[in-house]
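Everything on this sheet refers to the single structure shown next.
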Amino acid sequence: MRTQRQVVDYALQRRSLLAQVHAGRVGVMEVCDANPYLLRAAKYHGQPSEVTCPVCRKEPLTLVSWIFGEELKHASGSARGPDELERLANSFSEFTVHVVEVCRTCSWNHLVQSYVLGTGDVNERRPRRRTAAE
């Protein structure tokens, strides 16, 4: 895969939230609130991780990659697998990937990492498609 740029790791935020949950300051129901769309994306597009769910401790977490970017048009805001990320990284100049960990048992979810992918040719625009009227 192309080199990830502008990588942001949310491990400290995750650790802080889990400490608050284990101390009883934040309720489990407040953090185990995965959207049904996220759970479905985890089932079809997610990658299994080796980390066990920190809340229910019943199953390994699933990592889901969400893509965002102006150039992606209607594909922006959708979940994609690693092979699709590779293809998109070679086709578009720049887009952001947000990796979310999800527990499909208790619905725990947290943003783990974000980064930028793409060819890096931001200044180079693709030729505009011509319409039939042109």
Side-chain angles (χ1 to χ4, degrees):
M1 186 179 296
R2 295 239 176 205
T3 309
Q4 299 173 354
R5 304 181 303 277
Q6 301 175 12
V7 178
V8 178
D9 187 359
Y10 296 92
L12 290 175
Q13 186 181 38
R14 178 184 187 271
R15 188 178 313 155
S16 172
L17 179 60
L18 287 170
Q20 291 178 1
V21 169
H22 294 304
R25 290 189 292 272
V26 174
V28 173
M29 296 306 292
E30 292 179 52
V31 295
C32 294
D33 60 349
N35 182 304
Y37 187 62
L38 176 58
L39 294 171
R40 201 170 315 120
K43 181 177 180 180
Y44 294 106
H45 300 286
Q47 293 293 12
S49 75
E50 307 223 349
V51 178
T52 303
C53 176
V55 178
C56 71
R57 295 182 173 93
K58 291 184 180 175
E59 73 172 62
L61 295 170
T62 304
L63 300 176
V64 183
S65 297
W66 295 91
I67 58 172
F68 299 92
E70 235 178 86
E71 194 178 357
L72 297 171
K73 306 226 186 285
H74 68 278
S76 182
S78 61
R80 301 296 168 142
D83 52 333
E84 292 173 292
L85 288 176
E86 176 72 28
R87 186 177 50 78
L88 292 169
N90 292 323
S91 302
F92 294 99
S93 61
E94 186 173 281
F95 61 94
T96 305
V97 179
H98 294 259
V99 181
V100 179
E101 64 182 13
V102 182
C103 176
R104 293 174 48 199
T105 300
C106 73
S107 297
W108 156 264
N109 63 100
H110 196 274
L111 178 63
V112 177
Q113 185 181 57
S114 68
Y115 55 90
V116 174
L117 279 181
T119 61
D121 303 329
V122 179
N123 295 331
E124 182 180 309
R125 292 256 175 201
R126 291 184 172 189
R128 188 175 72 80
R129 289 189 180 176
R130 294 172 51 160
T131 64
E134 294 176 340

Within-4.5 Å side-chain heavy-atom neighbours: [X] and [Y]:
X	Y	answer
W108	C56	no
C53	P60	no
P82	Q47	yes
L18	V55	yes
V97	L85	yes
L72	S78	no
V21	V28	yes

Can you list the steps and then say if H98 with S114 is a side-chain contact (heavy atoms from CB on, under 4.5 Å)? CA-CA 4 Å; H98 294 259; S114 68; 3.8 Å; yes
side-chain contact (heavy atoms from CB on, under 4.5 Å) assessment of E84 paired with H45: CA-CA 10 Å; E84 292 173 292; H45 300 286; 4.0 Å; yes
Using salt bridge (charged side-chain N to carboxylate O under 4.0 Å, His left out) as the criterion, list what pairs up with R104, not counting sequence neighbours. none
Parallel, tilted or perpendicular: ring planes of F95 versus F92, cut at 30 and 60 degrees: perpendicular
Write out all pairs satisfying salt bridge (charged side-chain N to carboxylate O under 4.0 Å, His left out) with one or both partners inside residues 7-33, taking only residues at least two apart or from two chains. R14-E101
Closest approach of K58 to T105 (non-hydrogen atoms, all atoms of both residues): CD-CG2, 3.9 Å
Residues sharing L39's hydrophobic cluster, by side-chain heavy-atom contacts under 4.5 Å among ILVMFWY, directly or via others? V8, Y10, Y37, L38, V64, W66, F68, V100, V102, L111
Regarding E70 and S76, do their side chains bring together a donor and an acceptor under 3.5 Å, going by distance alone? no
Say you draw a straight line from CG of L61 to CD of E50; how long is it, rounded to the nearest 0.5 Å? 11.5 Å
NE2 of H110 to CG of L17, rounded to nearest 0.5 Å, is 5.0 Å
Taking a hydrophobic cluster as the set of Ile, Leu, Val, Met, Phe, Trp and Tyr residues connected by side-chain heavy atoms closer than 4.5 Å, whether directly or through intermediates, do V112 and V31 fall within one such cluster? no
